[in-house]
Amino acid sequence: TVDVNQWFYEGRNGWWKYDERSNSELENAFNAGEPDCTLLLAGTLYNIDFQSMTQVRRSDQTRRRRVRRDTPMFPSKGIAGIKTD
Ligand code: V3L
């Protein structure tokens, strides 16, 4: 099954795509009307809140990034920290 929407998290000067598995988990939670989604990203637990549209590290709430749900065509730096130009 193909996701038509892509989730992004904010980097220093642009947006990164979430990896495919995380993107599907975010889509499933968002489309189910859940308020948030917990993801294990590079060994660290994060909460993505769909009202504030932010990603927060669960062990350190000061580590916060904006997120966006957009078309996969939206310009990005790459996928999950891997640059694709
Ligand atoms: N998916 C993958 N790695 C993540 C994610 C995520 N959703 N969120 C955070 N990290 P923090 P520039 C990012 C990584 O928020 O140059 C990018 O993927 C995060 O990686 O403080 O600023 C790049 O690899 C960071 O290394 O908890 O645009 C890198 O930053 C680490 O978790 C630099 O990107 C701590 O993030």
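These numbers come from a predicted model, not from an experiment. In each ligand, atom 1 is the first atom listed, and ligand 1 is the first ligand listed.
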I'd like to know if Tyr9 and Val56 are part of one continuous hydrophobic network [Ile/Leu/Val/Met/Phe/Trp/Tyr, side-chain heavy atoms within less than 4.5 Å].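 The answer is no; the residues belong to distinct hydrophobic clusters.
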
Could you see if Phe74 belongs to whatever hydrophobic cluster contains Val67? Use Ile, Leu, Val, Met, Phe, Trp, Tyr and a side-chain cutoff under 4.5 Å. no

Can you tell me the protein heavy atom closest to [atom] and the distance?
atom                    : value
atom 16 (O) of ligand 1 : Arg12 NH2, 2.7 Å
atom 29 (C) of ligand 1 : Trp16 NE1, 4.8 Å
atom 8 (N) of ligand 1  : Gln55 NE2, 2.8 Å
atom 24 (O) of ligand 1 : Gly81 CA, 3.4 Å

| message | Looking only at side-chain N and O atoms, does Asn47 offer a donor or acceptor that is under 3.5 Å from a partner on Arg58? | response | no

Notebook entry, point to check: Have Thr54 and Arg64 got a donor and an acceptor in their side chains that come within less than 3.5 Å?
Noted result: yes

Counting heavy atoms only, name the option from Tyr9, Tyr18, Tyr46 that's nearest to atom 5 (C) of ligand 1.
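Nearest option to atom 5 (C) of ligand 1, by heavy atoms: Tyr9.
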
A student comparing Arg63, Lys77, Arg65 should find that the heavy atom closest to atom 15 (O) of ligand 1 comes from Arg65

**Asked** Would a distance-only check, ignoring hydrogens and angles, find a side-chain to backbone donor-acceptor pair under 3.5 Å from Asn13 to Lys77?
**Response** no

*Flag, side chain of Asp19 to backbone of Ala80, donor-acceptor distance under 3.5 Å*: no

Inset, instruction - Assess Glu10 for proximity to ligand 1: is some non-hydrogen atom of it under 4.0 Å away? - result: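 Contact absent.
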
Heavy atom of protein inside 4.0 Å of [atom], strictly below:
atom                    : value
atom 33 (C) of ligand 1 : no
atom 2 (C) of ligand 1  : yes
atom 26 (O) of ligand 1 : no

- Query: Minimum heavy-atom separation for Tyr18 to Ile48, with atom names?
  - Reply: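 Reported closest heavy-atom pair: OH-CG1, 3.6 Å.
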
* Validate the cation-pi geometry between Arg68 and Trp15: distance from NZ or CZ to the six-membered ring centre under 6.0 Å, angle to the ring axis within 45°. => yes

| message | Out of all atoms in ligand 1, which are within 4.0 Å of some heavy atom of Arg57? Include the element for each. | response |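 Every atom of ligand 1 under 4.0 Å from some heavy atom of Arg57: 11 (P), 21 (O), 27 (O), 35 (C).
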
